[in-house]
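Note sheet for the following structure.
Just the heavy atoms: all of them, side chains too, but no hydrogens, waters or symmetry mates, feed the values below.
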Amino acid sequence: MKNWKPILGILLVFALGIVTGLFVAGAIAKHGVDRFSAEGPHFIGQFVVRRMTGNLDLTPDQKTKIQTIIGQTRNEITAIRLEAAPKVRQSLETAYQEIRAILTPEQAEKFDKNVERGRERWKRFQEK
């Protein structure tokens with residue numbers, strides 16, 4: 001077994017390649033999520049139109065019409081969300097209170113901080 005060092009070296013290079021690939025893929029995915037979070041719902045519409053333009057070879061006229069449809073749909077969905085928001089908030093508040101009731105005081109304190117951070121992120125997202 002005189003060849004174990006070269007084999008180990010090759011395996012190490014492959015393992016490092018896998019780790020590097022996973023790290024890069026994770027960073028790219030995080031960048032996409034961060035970009036969506038920073039740019040908000042308009043980013044989705046732009047992303048969809050870009051994908052459709054590339055995949056379907058849309059004409060400029062088709063692209064314009066699709067952008068209009070996506071914008072109208074986004075507005076309709078926003079109206080639906082605004083209409084449903086009070087019911088959703090009440091349901092979430094009920095769930096928070098029920099969860100909080102079964103936690104220890106230390107857990108409840110951490111839970112409250114987590115909930116508040118989530119609410120702050122949601123407010124920032126809604127402002128976009």
Side-chain angles (χ1 to χ4, degrees):
M1 226 14 191
K2 293 182 179 183
N3 297 333
W4 70 271
K5 287 183 181 180
I7 293 172
L8 183 62
I10 291 171
L11 290 175
L12 184 60
V13 168
F14 279 117
L16 289 174
I18 290 170
V19 169
T20 302
L22 290 172
F23 177 74
V24 170
I28 290 170
K30 183 179 182 325
H31 173 73
V33 170
D34 290 345
R35 185 170 176 201
F36 170 74
S37 182
E39 295 184 30
H42 296 289
F43 174 71
I44 293 175
Q46 293 169 354
F47 176 78
V48 169
V49 171
R50 251 192 330 270
R51 291 288 295 269
M52 290 179 74
T53 299
N55 291 338
L56 302 176
D57 196 27
L58 299 177
T59 66
D61 184 52
Q62 290 172 317
K63 184 177 176 180
T64 300
K65 288 177 181 177
I66 289 171
Q67 286 172 323
T68 301
I69 292 167
I70 289 174
Q72 290 170 343
T73 303
R74 183 179 56 244
N75 292 339
E76 291 171 8
I77 291 170
T78 298
I80 292 167
R81 269 198 349 252
L82 291 173
E83 184 180 313
K87 290 180 182 179
V88 171
R89 275 193 297 272
Q90 181 57 49
S91 180
L92 287 172
E93 191 58 39
T94 299
Y96 293 151
Q97 294 305 320
E98 290 175 4
I99 291 169
R100 199 172 190 287
I102 62 172
L103 299 176
T104 66
E106 295 81 19
Q107 290 171 325
E109 185 178 332
K110 288 180 184 179
F111 179 73
D112 291 343
K113 288 178 184 177
N114 289 337
V115 167
E116 187 56 36
R117 276 195 304 268
R119 287 177 176 162
E120 288 172 11
R121 278 192 301 256
W122 183 249
K123 284 179 189 175
R124 284 193 309 268
F125 175 75
Q126 293 298 311
E127 293 171 359
K128 306 275 179 203

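When every heavy atom of Leu58 is checked against every heavy atom of Met52, the shortest pair comes out as CG-O, 3.7 Å.
Atom CD of Glu83 sits in a sparse spot, with 12 or fewer heavy atoms from other residues, nucleotides or ligands closer than 6.0 Å. Other residues, nucleotides and ligands contribute more than 12 heavy atoms inside 6.0 Å of the OH atom of Tyr96. For Gln107, the CD atom is densely surrounded, since the number of other residues' heavy atoms within 6.0 Å is greater than 12.
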Discussion item. Under the criterion side-chain hydrogen bond (donor to acceptor under 3.5 Å, both in side chains), I'd like the reasoning laid out for Gln90 against Thr94: C-alpha separation, chi angles, the key distance, then a yes or no.
Written reply: CA-CA 6 Å; Gln90 181 57 49; Thr94 299; 3.3 Å; yes
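Evaluation of the side chain to side chain donor-acceptor pair (under 3.5 Å) rule for Thr68 yields no partner, not counting sequence neighbours. Remark: Asn55 engages no residue in a side chain to side chain donor-acceptor pair (under 3.5 Å) (not counting sequence neighbours).
Formation of a donor-acceptor pair under 3.5 Å by the Thr64 side chain with backbone atoms of Pro60 is found in this model.
The pair Glu93-Arg89 does not meet the salt-bridge criterion, since no charged nitrogen lies less than 4.0 angstrom from a carboxylate oxygen.
For the pair Glu116/Asp112, no side-chain contact is recorded, criterion being any heavy-atom separation below 4.5 Å from C-beta on.
With rounding to the nearest 0.5 angstrom, the CD atom of Glu76 is 10.0 Å from the OG1 atom of Thr78. Interatomic distance, Lys63 NZ to Ile70 CD1, rounded to the nearest 0.5 Å: 11.0 Å. To the nearest 0.5 Å, atoms CD (Gln62) and CD1 (Ile69) are separated by 10.5 Å.
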